[in-house]
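Values below: all heavy atoms of this structure, side chains included; hydrogens, waters and symmetry mates excluded. Throughout, a chain's letter reflects where its sequence line sits, starting with A, and its residues are numbered from 1.
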Amino acid sequence: MSQKKGTKKAEGGDAGAKKAPAGQKPSKGAKADVKREKPAPAEGGQKAKPMSAITVKKSEDFSDYFTQLVEKAELADIRYGVKGFVCYMPWAVMTIKKMYAKYEQLLEANGHLPLIMPTVIPKSFFEKESDHVKGFAPEVFWVTEAGGNHEKLEEPLALRPTSETALYSMYSMWIRSYQDLPFKRYQSCQVFRYEGRSTRPFFRAREFHWIEAHDVFATLEDARNQVLQDMDMSYKMVRDEFCIPIIFFQRPEWDKFAGAIHTYAADALLESGKVIQLPSTHLLGQNFSGPFNVRYVTKDGKDELGYITCYGPAISRIYGAMVAVLGDDQGLVLPWDLAPVQVVIVPIYFKGQAEAVDKACKEVEAEVKAKLDAAVKVDDRDYITAGEKFNEWEMRGVPVRIEIGPKDVEKGQVVVVTRVPRKKEFVPRAGLAGALEGIAKSYTQNLRDLHLLKFDSLVQRCDYIEDAKEAIDGNKIACVGLCSIDMSGYSCAEKVEKGTGGVIRGRRVDDEPNKFDRCVACGAPNPVAVYVARSY
RNA sequence: GGGGCCGUAUUCUAGCGGUCGAAGAUCCGGGCUUUGGGAGCCCGUCGUCGUUGGUUCGAAUCCAACCGGCCUCGCCA
């Protein structure tokens, strides 16, 4: 019987089999470490984890791994049936809300006030700035009719792909004088993009969740300083709090936000060897203040255009990146502050001793809540085994598990197990709060250290396009010389991208250690060092 | 947007022109028994075979289009 089951589970594992030969790999690697002694020899000969476990190794098939993680840790449900739109499940939402809260707090500490704008933008607003219109034209959802008879709207409404045009049309009314500047607002909202490329939960959707901050200043210099602050906030949040290593690039001229003077964007590197863009900040200068009439009166009575910046951390994508970067073969891993449940208590029941165990669990729960102010949960379900609970909470990335059984009650101790690193310890009840405090304090720091591989170690300096291709094929980022990231460098950039299969991400914003004598494509002297990588 | 693969119950799979009034496992509900790393037995429930149209005496099965999913290549948070 369990033989049959082993077989079935192996099959369950190839949820991905339909897509590629890679789907077959998993069963081979599937852990047989659990004491399931039936070999199930006839059909396939491999034991497998239950369907509730991830059946591929992250390092072997990242794409399948991510799909399974999203499904099995119940982060999103993709069965809604509209391309690019998914249900965000409670476990993900609880973390995402915490991420929002941290980000919003930081933005407010840096002088931003919250605001909520309408979701629809009239066509006429949207079309005021021509570069921006061109950039977004292909990916806007339009609301064109309404009512029972599908009456046509007099003016089509865009489902906002981003809010510049909505905000700045109001900013022109809200901002009157230099006394109003700097004028800094943010909103947490959803935006919509009719994405052509294939969609992925969290990473690329047609509806995504983000924060956008839009700031107006009296001088270009003030605006530039805001861009620096935006980058600093990104590091504080994305790297320090969410434990995702990132680096900022100035995007090439041909790859900037439509309507910006410059775009600066953080890239993270995922297990697949692809970079993904995380927060970006744009120096818009006066490109929008002209068309939208964002003006202010100076101290000496002159009428001036404001200088604008906008900053867009996409929380849903950052969440996806965090899940992807931190997760391991057991499932999700979360920083301490972001875990919906930080400590789970699993009672180990035995006939006739449940009451004593339950009582001890309740006591420990109360103590942890009181002394640590942590999110604690007692998993007292009596219809599944303790082992299954262990696996379930590990899949969900709960940082600490406390096991309490009859033996522990007797000895006045508990078992404390940390998710990362996976470590089991017997702790006397009297020392529990102290032990947990220690874990809580260092947990996130440990994760960060674990993942803060410096980009430097993943970057390969290359003098020839062929070398760069080799580096990129080996899941690395290539650093090459390019004559320019202005439009004058575009044709060389095309050659590099075609020759390497990567995309030019731009020039590092911080200090550049690599120096080049000539452009890899045309040989022109005094090139700028740029980074080339495959991207999501 | 291009190319490739795919769509049967919550999920995974079988069926590949008539024997399908669609099979098995899982899930779910009930009962017993269990719980220190993914338990077992018994009973029960669950199906617009993705949708629409076509071919055929007859379609889950063949064809087309659409919708969705996965993989892969050129443009973005």
Side-chain angles (χ1 to χ4, degrees), chain A residues 1-2 4-5 7-23 31 33-36 48-53 61 63-64 67 71-72 77-85 135-136 138-139 161-162 191 193 195-200 202-205 208-212 251 254-258 263 265-267 276-282 311-318 320-321 330 346-351 353-354 357 381-392 394-395 401 403-408 415 417 422 424 494 497-498 501 503 534-536:
Chain A
M1 194 90 277
S2 68
K4 204 196 248 156
K5 183 161 236 175
T7 305
K8 173 187 27 74
K9 282 169 177 174
E11 283 162 359
D14 63 12
K18 53 180 140 185
K19 58 173 110 119
K31 317 292 158 330
D33 49 350
V34 228
K35 47 108 190 242
R36 169 173 294 269
K49 293 188 269 193
M51 276 199 288
S52 57
D61 186 346
S63 195
D64 194 11
T67 303
E71 186 189 325
K72 291 172 178 174
D77 197 324
I78 63 171
R79 295 173 300 177
Y80 191 70
V82 181
K83 182 181 161 76
F85 292 81
F136 278 107
E139 43 187 47
T162 178
V191 291
R193 294 190 187 169
E195 176 65 57
R197 197 176 156 154
S198 70
T199 57
R200 221 77 233 288
F202 305 116
F203 284 143
R204 169 174 283 99
F208 58 90
H209 299 242
W210 79 350
I211 297 173
E212 48 183 320
R251 292 286 189 241
W254 56 85
D255 191 26
K256 65 186 186 185
F257 176 80
T263 288
D267 279 334
I276 185 162
Q277 176 167 326
L278 295 178
S280 58
T281 173
H282 313 283
Y311 173 52
I315 304 296
S316 47
R317 179 179 274 188
I318 297 172
Q330 245 62 252
V346 178
I348 312 294
Y349 293 127
F350 281 95
K351 280 182 295 212
Q353 298 176 87
V357 169
R381 290 175 293 177
D382 60 359
Y383 50 91
I384 60 172
T385 62
E388 193 167 344
K389 294 175 192 175
F390 298 168
N391 287 294
E392 214 179 290
E394 281 171 15
M395 175 66 75
R401 174 176 77 241
E403 303 169 16
I404 302 178
K407 282 188 226 161
D408 304 310
V415 179
V417 185
R422 185 104 81 98
K424 188 169 180 167
E494 275 190 315
E497 294 189 347
K498 208 165 260 176
V503 175
R534 288 189 295 135
S535 84
Y536 266 102

**Q.** Rounded distance in Å between the C1' positions of rG24(B) and rA9(B)
**A.** 12 Å
Q) Looking at the side chain of Arg197(A), which of rG37(B), rU10(B), rC73(B) is the nearest nucleotide? A) rC73(B)
Q) Between Arg251(A) and Gln277(A), is any side-chain donor less than 3.5 angstrom from a side-chain acceptor? A) yes
Q) What heavy-atom pair brings Pro279(A) and Ile318(A) nearest, and what distance separates the two atoms? A) CG-CD1, 4.0 Å
Q: Write down the partner of rG74(B) under the Watson-Crick or G-U wobble criteria, each distance required to be under 3.5 Å.
A: none
Q.
So for Glu392(A) and rG38(B), does any side-chain atom that can act as donor or acceptor lie under 3.5 Å from a complementary atom in the base?
A. no
Q: Answer with base, sugar-phosphate or nothing: what part of the nucleic acid does Ala265(A) contact at a heavy-atom distance below 4.0 Å?
A: nothing
Q.
Are Phe203(A) and Tyr536(A), when compared by the centres of their aromatic rings, separated by less than 6.0 Å?
A. yes
**Q.** Arg200(A) side chain to Thr67(A) side chain, donor-acceptor N/O pair below 3.5 angstrom
**A.** yes
Q) The side chain of Glu388(A) lies closest to which of these nucleotides: rC75(B), rU35(B), rG38(B)? A) rG38(B)
Q | Span that lies between the C1' atom of rG40(B) and that of rU33(B), in whole angstrom | A | 8 Å
Q: Could you work out which one of rU72(B), rG36(B), rA77(B) sits closest to the side chain of Ala314(A)?
A: rA77(B)
Q. Which part of the nucleic acid, if any, lies within reach of Ser316(A) when heavy atoms closer than 4.0 Å are counted: base, sugar-phosphate only, or nothing?
A. nothing
Q: Give the rounded distance in Å between these two atoms: OH of Tyr80(A) and P of rG68(B).
A: 12 Å
Q: Report the nucleotide, chosen from rC12(B), rA77(B), rU35(B), that has the shortest atom-to-atom distance to any side-chain atom of Met51(A).
A: rC12(B)
Q) With side chains defined as the heavy atoms from C-beta onward, is the minimum distance between Glu403(A) and Lys424(A) less than 4.5 Å? A) yes
**Q.** Nucleotide of rG69(B), rG36(B), rA77(B) approaching Ile78(A) most closely (side-chain heavy atoms)
**A.** rG69(B)
Q.
Using a 4.0 Å heavy-atom cut-off, does Arg422(A) contact any base of the nucleic acid, only the sugar-phosphate backbone, or nothing at all?
A. base
Q. Which base, if any, makes a Watson-Crick or G-U wobble pair with rC5(B), both distances under 3.5 Å?
A. rG69(B)
Q: Find the distance Glu195(A):CD to rG68(B):P and express it as a whole number of Å.
A: 14 Å
Q. For rG29(B), which nucleotide in any strand shown is its Watson-Crick or wobble partner with both distances under 3.5 Å?
A. rC43(B)
Q. Where the side chain of Phe208(A) is defined as all heavy atoms beyond and including C-beta, which of rU35(B), rC76(B), rA77(B) is the nearest nucleotide?
A. rA77(B)
Q.
Which is more 5' along RNA chain B, the nucleotide nearest Gly196(A) or the one nearest Arg200(A)? Just name the residue.
A. Gly196(A)
Q. Can a cation-pi geometry be assigned to Arg193(A) and Phe136(A), taking NZ or CZ under 6.0 Å from the six-membered ring centre and within 45° of the ring axis?
A. no
Q.
Tell me whether Phe85(A) at atom CZ has more than 12 heavy atoms from other residues, nucleotides or ligands lying less than 6.0 Å away.
A. yes
Q: Indicate, with a heavy-atom threshold strictly under 4.0 Å, whether Thr199(A) touches base, sugar-phosphate, or nothing.
A: sugar-phosphate
Q.
Of the listed nucleotides (rC12(B), rG36(B), rC71(B)), which one gets closest to any side-chain atom of Ser63(A)?
A. rC71(B)
Q. In whole angstroms, how far is the P atom of rA77(B) from the CZ atom of Phe203(A)?
A. 16 Å
Q) Is there a Watson-Crick or G-U wobble partner for rA60(B) with both distances under 3.5 Å, and if so, which one is it? A) none
When you compare the protein's N or O atoms with those of nucleotides 28-33 of chain B, which come within less than 3.5 Å of each other, and at what distance?
none

(Q) Check this for me: does any side-chain nitrogen of one of Lys83(A) and Glu195(A) sit under 4.0 Å from a carboxylate oxygen of the other? (A) no
Q: Go through rU11(B), rG38(B), rC76(B) for me and flag the one nearest to the Asn391(A) side chain.
A: rG38(B)
Q. Is the distance from OP1 or OP2 of rC76(B) to the nearest side-chain N or O of Gln277(A) less than 4.0 Å?
A. no
Q: Calculate the interatomic distance between Arg204(A) atom CZ and rC73(B) atom P; express it in whole Å.
A: 13 Å
Q. OP1 or OP2 of rC76(B) less than 4.0 angstrom from a side-chain nitrogen or oxygen of Arg317(A), does that happen here?
A. no
**Q.** Under 4.0 angstrom between Thr385(A) side-chain N/O and rU34(B) OP1 or OP2
**A.** no
Q.
Tell me the interatomic distance from Phe390(A), atom CZ, to rA39(B), atom P, rounded to whole angstroms.
A. 11 Å
Q) Taking any strand in view, what nucleotide pairs with rC20(B) in a Watson-Crick or G-U wobble way, both distances under 3.5 Å? A) none
